[in-house]
Amino acid sequence: NALQAEFDKMAKKEGFDASSAYFAADATFEDDFTEDDFVDDNDDDIPDFDMDDLDENDADIPDFGPSSTSPAQSMEERLAAARQDTMKGRVSVPDKLDKFARDVSFDDLQKLGFRREANPFGNDETPRRKQFKVISGAMTCSGCGSDFQQDDEFRPGFLPFEKYEVQAKLAKIEEVQKVQEKAESAEWTPEDEVEYLLRQGDPNTGEGGDELLGISVDEMAEKLGLDLEVLSRKKVLCKRCHGLQNFGTVEQKLRPGWTDEPTLSQEEFKKLLMPLKQKTAVILALVDLFDFSGSVLPELDEIAGDNPVILAANKADLLPSEMGQTRAENWVRRELEYLNVRSIANIGGAVRLVSCKTGFGVPGMIEKAKSLAEDMDCDIYVVGAANAGKSTLVNFLLDENNPNKSTRFEGKKRAGNANKWKGSVTTSPLPGTTLKFIKIELGGGKNLYDTPGLLIPGSLTDRLTPEELKIVVPKKRVEPITFRVASGKCVLVGGLAKIELIGDSKPFLFTFFVANDIKLHPTDSEKSDEFTAKHVGTLLTPPLEPGPERMKDIGEFEYHTINIDGDGWKQAAADITLRGLGWVAVTGAGKAQVRVGVPKGVGVSVRPPLMPFDVWEATAKYTGGRAVRKSSKSRSGKRRKGVGRS
């Protein structure tokens, strides 16, 4: 019958058949088996094995010492050598073996079946050949989460034909391996059994079955012509991620917000995120502390539902060192309340100051998230605005648990950024790098998912090129600059914004918290437009050259008039935020009428000051073509160098 045929087929695969079976008589069943029961001494099928039969020139067998053609040492000589070794605390070996040990490469040893011991301080349980248990996501880009495809290089997930073919073979191995694992697991449903039998084909002939089913991963790879040892050391990325990781650029057709590609639309990203409210989950929401109003998701409450929200205020390392952590956390809570974000009050919710780049505050935050996930028996989802730092957080977690962390840079060292650790998940100053969910195993059956970032309306970063974003997005601790501005004067923030004091206002102090590479220029309001037209892209950056053309692309300026009541000279009265660019703290006595010019549609708002007491630390003087912060002594007593802005 079919069942008997299946058992016979399985037995043959294991090397058993009727010719090797032995049936004991009932009367002698309890007797011990003897060698005579199995092997006939005169059996012609079993060859005699003699070392002299081996080919002396066989390249597969290393020559470690004397043979029949090379006489060995006498017993007396060997005993004398052993006594010498004991006295000198060493072990002598034949010259040929010693030479082999000195000259052999690791690749040569691998060909012989040897592997480097995984745990040299424990029991040597390392298998002789590397075991490939699971090849996960062979057809998914680990950098952005997109499915690989080979048809259109201007769609996410594109791979050249040669690489795509390799990934397709790996996916075949992955598919068969999952079926094998199901067959060996306790969770074996009737549907799984039917699928398994269908893959096996005809029980008698095996026709129509999957030829890879029932063989090991290594044998599958060999049949498909794959070297898993080599492939395991490579990280395959789609063309889009390769460009972002290595060159920091991407085709305009592959940039969210700059393309009509449906898979890169905000509607598609929202469809992925909105179902989270219907499932039990821990929501880890990242905001950019440096661009707070431009990174708080308006949809956060809708995405989270009743799930606990841990709000991580990222890039805390970019704030000046004088900023107190408690003060910043309280400020974040007040701003969330003002922005009507209610989900932070869900049971289990919290606010944390972190730096996903340096790791500040990350371990404690992740422990809290994992603890909530354990209690709720659910997974963790990292959500946030595009470019808030979600993928940087994921890379930090993977990097900290990378056993090869100290041996990452094995190639030739090159100048610049070529050897920089790029991480498993693609990161970039460009908004919208991650396109689908990326799963990271945390252990204990719990997972963390990196999700696509949503673009916040009115953010300046959506309009800048990759090169301009590298200037605008801060990478180092921000050095604020303070100017004394009188009525009729203004400060140009590159060519992207103009902050001027108008009307009968007395002089006020404007403290600029923007990236250090943005060039600030104080001038007369009447001359500002002429100066901008002449020097944008050169003295005034960003935008970069061709400056006038880029100004047209970014959009014409619109102006907002803001009235601020000064709170004295000891602390700032308010912050004026420029979405995607930074903020300006306003300090002084009396009333100030401030006129803010930004590209049309860019968000401008007023809020309580984040750093109200730091204005005098950042006071600057202007020396014709350069704004220089006044030199002062740090807490350690050392003279602090002035910080310049051309």
Side-chain angles (χ1 to χ4, degrees), residues 282-298 300-301 304 307-369 371-372 382-385 388-389 393 456 474 477-478 480 482 511-514 564-579 582-587 603 605-618 635:
V282 175
I283 306 299
L284 192 57
L286 261 71
V287 297
D288 185 344
L289 193 55
F290 196 80
D291 184 23
F292 195 82
S293 63
S295 61
V296 176
L297 286 180
L300 181 57
D301 288 352
N307 290 313
V309 175
I310 300 175
L311 189 129
N314 187 28
K315 303 185 183 179
D317 59 311
L318 299 180
L319 292 176
S321 57
E322 294 79 12
M323 183 69 187
Q325 183 173 347
T326 303
R327 179 174 24 135
E329 287 185 3
N330 291 336
W331 180 90
V332 169
R333 291 179 184 277
R334 288 197 304 270
E335 283 298 291
L336 290 172
E337 185 177 350
Y338 174 77
L339 294 171
N340 205 30
V341 177
R342 303 299 183 190
S343 55
I344 193 67
N346 293 350
I347 296 175
V351 171
R352 293 286 187 270
L353 284 188
V354 300
S355 169
C356 297
K357 181 179 179 181
T358 66
F360 167 76
V362 171
M365 177 187 69
I366 292 298
E367 281 305 313
K368 178 173 179 59
S371 176
L372 285 171
V382 184
V383 304
L393 169 65
I456 304 296
R477 187 182 298 277
V478 170
T482 298
T511 305
F512 290 80
F513 293 84
V514 295
I564 295 176
D565 291 327
D567 201 13
W569 297 100
K570 291 186 178 180
Q571 65 180 46
D575 287 344
I576 300 174
T577 66
L578 313 173
R579 189 167 295 177
W583 74 91
V584 184
V586 181
T587 306
S605 60
V606 181
R607 70 186 187 191
L610 174 59
M611 299 187 65
F613 308 110
D614 304 278
V615 55
W616 294 105
E617 271 290 316
R635 293 177 182 176

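Quantities reported herein were computed from a predicted structural model and do not represent experimental measurements.
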Residues which pass side chain to side chain donor-acceptor pair (under 3.5 Å) with [X], listed by chain and number, not counting sequence neighbours:
{"X": "R352", "result": "none"}
{"X": "R333", "result": "none"}
{"X": "N330", "result": "none"}
{"X": "D288", "result": "K315"}

Interatomic spacing from [atom1] in [X] to [atom2] in [Y] - rounded to 0.5 Å:
{"X": "S605", "Y": "W583", "atom1": "OG", "atom2": "CH2", "result": "12.0 Å"}
{"X": "T577", "Y": "D291", "atom1": "OG1", "atom2": "CG", "result": "8.0 Å"}
{"X": "N307", "Y": "I347", "atom1": "CG", "atom2": "CD1", "result": "11.5 Å"}

Under 3.5 Å: donor-acceptor pair, side chain of D575, backbone of R607: no
Sidechain-backbone polar pair: N314 side chain, C356 backbone, donor-acceptor under 3.5 Å: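 Yes.
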Contacts of A304 that satisfy side chain to side chain contact (heavy atoms under 4.5 Å, CB included) - sequence neighbours left out: I283, V309, S343
Nearest non-hydrogen partners of A573 and D567, listed with the distance: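 Closest heavy-atom pair between A573 and D567: CB-N, 3.7 Å.
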I576 side chain reached by I564 side chain, heavy atoms, under 4.5 Å: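 Yes. Closest side-chain heavy atoms under 4.5 Å.
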All N/O donor-acceptor pairs, side-chain side in residues 358-365, below 3.5 Å, sequence neighbours left out:
from, atom 1, to, atom 2, distance (Å)
T358, OG1, S355, OG, 3.0
T358, OG1, F360, N, 3.4

